[in-house]
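Down below is the structure, laid out as structure tokens.
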Amino acid sequence: MAPSPIPLDGSSLPEILRARAQEQPEALAFRFLPDGTTDHPVDWTYRDLDLRSRTVARELTRRGLEGSRVVLALDPGLDYVAGLFGILRAGCTAVPSFPPFGRRATERFLGIVLDCEPQAVLTDGRFGPHVEAFEAQYPEGTGKVQWIFPDEALFQEDDDTEVPVRLAEPALLQYSSGSTGEPKGIVLTHENLVSNCRVLEAHTGMEPDRVGCSWLPPYHDMGLMGTIMLAVHGGWPLVMMSPVHFVQDPYRWLQALTEYKVTITVGPNFAFDLAVTSVPDEALDTLDLSSLRQVFCGSEPVSAATLERFRERFAPRGYDPASIIPCYGLAEATLFVTGKPASGGQIRRERLDKAALATGAALRAPAGADAADTVEAVSCGVVAVGHRVRVVDPHTEAEVPDGRVGEVWVTGPNVATGYWRRPELSAASFGVRPAGSDPAEPSYLRTGDLGFVLDGELFVTGRLKDVIVVSGRNLYPQDIEVSVERCAGELRRSAVFSVPGDGIEGASGSEDEQVIVVAEYRGTSSEFASVEKALRAEVTAAVTADHGVRPAVLHFGPPGTVLMTTSGKVRRKATRAAYLDGSLKTFKALAGSGAV
Ligand code: 649
């Protein structure tokens, strides 16, 4: 199953797939676990993927769709992968999405369709009966859409209708996972897609017996560009399951890692927490994680405490903590920006002076400093080969020295060309240069993330838009959220944000921003009623002690109160908007003003 060295220079991904199908037709390409367990795996070789994706391409070509945008709205699975490569092979631009089932998914799907105005949508046959009503309800943007259902009839005979693709042409429009109201499509060229694979391969090296495993949604950057495309580019097998099956029972992820001797996998920080808390003791001895060599952890702040708990629980089952790779990236840069060096050994963590960090200086805390006065930061590693990261003062746009917090700016071949049909926003986000730099320098992407560089490694501290400024100190909501969630096992998720001081009933009319905590309580209304008072006191005490600020409002609600993106990130702005317009979920019978 050793991947053959296919010449990659100047080739696009669909061309690489074709070469793989010729040179290693019988090699396993994808193994899908339809129910999330290892009981009924479905395997596709490179020949299978080649055939299936070619039939999709042929259908698109037959319909005259070359050069057009095709929304890929299928459930996670093998047909999704065939659809993706079929669209690329037909010379179309793929727009990854999910099927429009359910209110939220339909809203987001519609947002994407209205923004990108596709010529076709490749979606689930179960949507067929709903097309007419859907078009009648949303006439603008859907009128010219051709609906294509990849059923058996589509996957038939085999003829070759490959369209040559040009590397500098758009291959994919990636919509970010958060926005419903104002979707932004990131335009990625074939060059971007290949570049991302190449730099990740350079970063991770090439193991002869690599096997990947992913339960990530295939319509977001990490699942799509990080796992599916990387596997085809490298020619090694990828074991996939649906994110739904992972979330229902996270043991399935570890079971697949064990069963298929997986060497490389990936997940956001929350997945590692979930694995620790939800795999029962009695299941532990069915696990063997000793084949794992590279375990990527990115897409949200990487917590040293989480990784430590994961190590404690799974090191006895063969997990090697040196395999973890904290990493940072974003869809605007196709995916990958920084990661722990492959030869990096243990993760790099720094204990920093909390008060200094709040003023923008990353200073190592003196040995023996009180834990309450320090923050533990995990390094996201070194920048991808061929790329450059600079940390810039977001107001003056001048580069700041190492050890100072500023906005992370990135340049290099992974960086997208801009947002679809948004020239002004694209220029402001993608076409900037640090103040005083040579105009001959390449332009940079402003990531909107804050971080600092220490000894050549990037530490991400938070998002510029989320930072709360109280008395001249920068507070990072995710740090406050950790304090909230540590208070009680029944508090599972929280969102922290600020509102102007004069906007709150019962709060002093000060100029400062007021901190609002929204938290989910896992229990019934009456259980909540019995603990509410104690909970309020505990959360207030913890936040005040850890961050020197007293929350003005604690809003508790049932699971679902905190708004999330489809990739599992907290949507602080949306939660704030829902708080302000009174639409947050709450324990109704008990709702008071919430002021403390
Ligand atoms: C970030 C994606 C980074 C993201 C992933 C490399 C099988 C298994 C593994 C494998 C191959 C096969 O969140 C991913 C690099 C994966 C290699 C896998 O290899 N994109 S996003 O556009 O949805 O969001 C971007 C934002 O997320 C936050 C930042 O705000 C960023 O702007 N973010 C982080 N925040 C804090 N710390 C981090 N490490 C963050 N990474 C992303």
Side-chain angles (χ1 to χ4, degrees), residues 30 174-179 184 186 188 196-197 199-201 203-204 207 210-234 236-240 253 256-257 260 262-271 292-303 306-307 323-340 342 347 377-381 383-384 407-410 414 416 429 445-451 457-467 476-479 565-572:
F30 290 90
Q174 178 68 50
Y175 280 86
S176 56
S177 52
S179 46
K184 289 181 293 188
I186 299 159
L188 298 171
N196 179 67
C197 293
V199 297
L200 266 168
E201 244 164 47
H203 208 91
T204 55
E207 319 155 279
R210 179 173 284 177
V211 179
C213 176
S214 166
W215 51 265
L216 295 172
Y219 29 78
H220 291 149
D221 55 350
M222 201 148 82
L224 194 60
M225 275 71 90
T227 70
I228 295 174
M229 290 186 188
L230 197 66
V232 170
H233 188 269
W236 35 270
L238 181 69
V239 179
M240 293 192 302
W253 178 29
L257 301 178
Y260 303 120
V262 170
T263 66
I264 179 169
T265 192
V266 53
N269 195 79
F270 82 83
L292 277 179
R293 269 172 251 139
Q294 296 176 325
V295 181
F296 281 84
C297 176
S299 138
E300 52 180 47
V302 180
S303 151
T306 298
L307 298 183
S323 62
I324 202 90
I325 305 181
C327 56
Y328 162 76
L330 68 170
E332 279 82 350
T334 311
L335 177 69
F336 185 62
V337 176
T338 69
K340 189 186 84 175
I347 57 163
V378 175
S379 163
C380 289
V383 69
E407 189 181 8
V408 178
W409 290 21
V410 190
N414 278 11
S429 309
L445 160 72
R446 297 185 79 130
T447 63
D449 293 312
L450 291 172
E457 300 200 10
L458 180 72
F459 292 75
V460 179
T461 56
R463 285 170 43 133
L464 188 52
K465 279 191 208 140
D466 289 343
V467 163
Y476 293 103
Q478 76 269 10
D479 296 342
T565 68
T566 50
S567 64
K569 289 184 177 130
V570 175
R571 295 174 66 199
R572 298 191 183 85

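We use all heavy atoms of the structure for the numbers below, so side chains are in, but hydrogens, waters and symmetry mates are not. Whatever order the structure lists ligands and atoms in, that order sets their numbers, starting from 1. Predicted model only: the values in this text are computed from it and were never measured.
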Just which atoms of ligand 1 are under 4.0 Å from any heavy atom in [X]?
X: Cys380; value: 39 (N)
X: Trp236; value: 11 (C), 12 (C)
X: Leu230; value: 11 (C), 19 (O)
X: Ile264; value: 7 (C), 8 (C), 9 (C), 10 (C), 19 (O)
X: Gly226; value: 10 (C), 11 (C), 12 (C), 18 (C), 19 (O)
X: Asp449; value: 29 (C), 30 (O), 31 (C), 32 (O)

Leu335 CG to Asp221 CG distance, which is reported to the nearest 0.5 Å |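 These two atoms lie 5.0 Å from each other.
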Supply the atom-to-atom distance Leu458 CG to Cys327 SG, rounded to the nearest 0.5 angstrom.
->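 Result: 11.5 Å between the selected atoms.
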Go through the steps to decide whether Cys297 and Asn269 satisfy the test side chain to side chain contact (heavy atoms under 4.5 Å, CB included), and finish with yes or no.
-> CA-CA 6 Å; Cys297 176; Asn269 195 79; 4.2 Å; yes
Determine, using heavy atoms of [X] and all atoms of ligand 1, whether some pair is separated by less than 4.0 Å.
X: Ser176; answer: no
X: Ala231; answer: no
X: Cys213; answer: yes

Could you tell me whether [X] approaches ligand 1 through its side chain, its backbone, both or neither, with non-hydrogen atoms closer than 4.0 Å?
X: Pro268; result: neither
X: Thr227; result: both
X: Ser299; result: both
X: Thr204; result: neither
X: Tyr328; result: both

Going through the distances and angles, do Tyr476 and Val467 end up as a side chain to side chain contact (heavy atoms under 4.5 Å, CB included)?
-> CA-CA 5 Å; Tyr476 293 103; Val467 163; 3.7 Å; yes
Decide yes or no on side chain to side chain contact (heavy atoms under 4.5 Å, CB included) for Met222 and Thr227, but give the supporting numbers first.
-> CA-CA 7 Å; Met222 201 148 82; Thr227 70; 5.8 Å; no
Name the option, out of Met222, Arg463, Lys569, Glu300, that contains the heavy atom nearest to atom 13 (O) of ligand 1.
->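 Result: the heavy atom closest to atom 13 (O) of ligand 1 is in Lys569.
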Which one of Cys327, Ala331, Gly223, Gly329 has a non-hydrogen atom at the shortest distance from atom 25 (C) of ligand 1?
->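 Residue with the shortest heavy-atom distance to the ligand atom: Gly329.
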What heavy-atom pair brings Gly568 and Glu300 nearest, and what distance separates the two atoms?
->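 That would be O-OE1, 3.9 Å.
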Which atoms form the tightest heavy-atom contact between Leu330 and Val337, and what is the distance?
->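 Heavy atoms of Leu330 and Val337 come nearest at CD2-CG2, 3.9 Å.
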Who pairs with Asp466 by salt bridge (charged side-chain N to carboxylate O under 4.0 Å, His left out), at least two apart in sequence or on another chain?
->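 Listed in chain order: Arg463, Arg572.
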Verify whether one side chain among Trp253 and Thr265 offers a donor that lies under 3.5 Å from an acceptor in the other.
->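 Side-chain D/A pair, Trp253 to Thr265: present.
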Taking C-beta and beyond as the side chain, do Phe30 and Val232 meet within less than 4.5 Å on heavy atoms?
->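 In contact.
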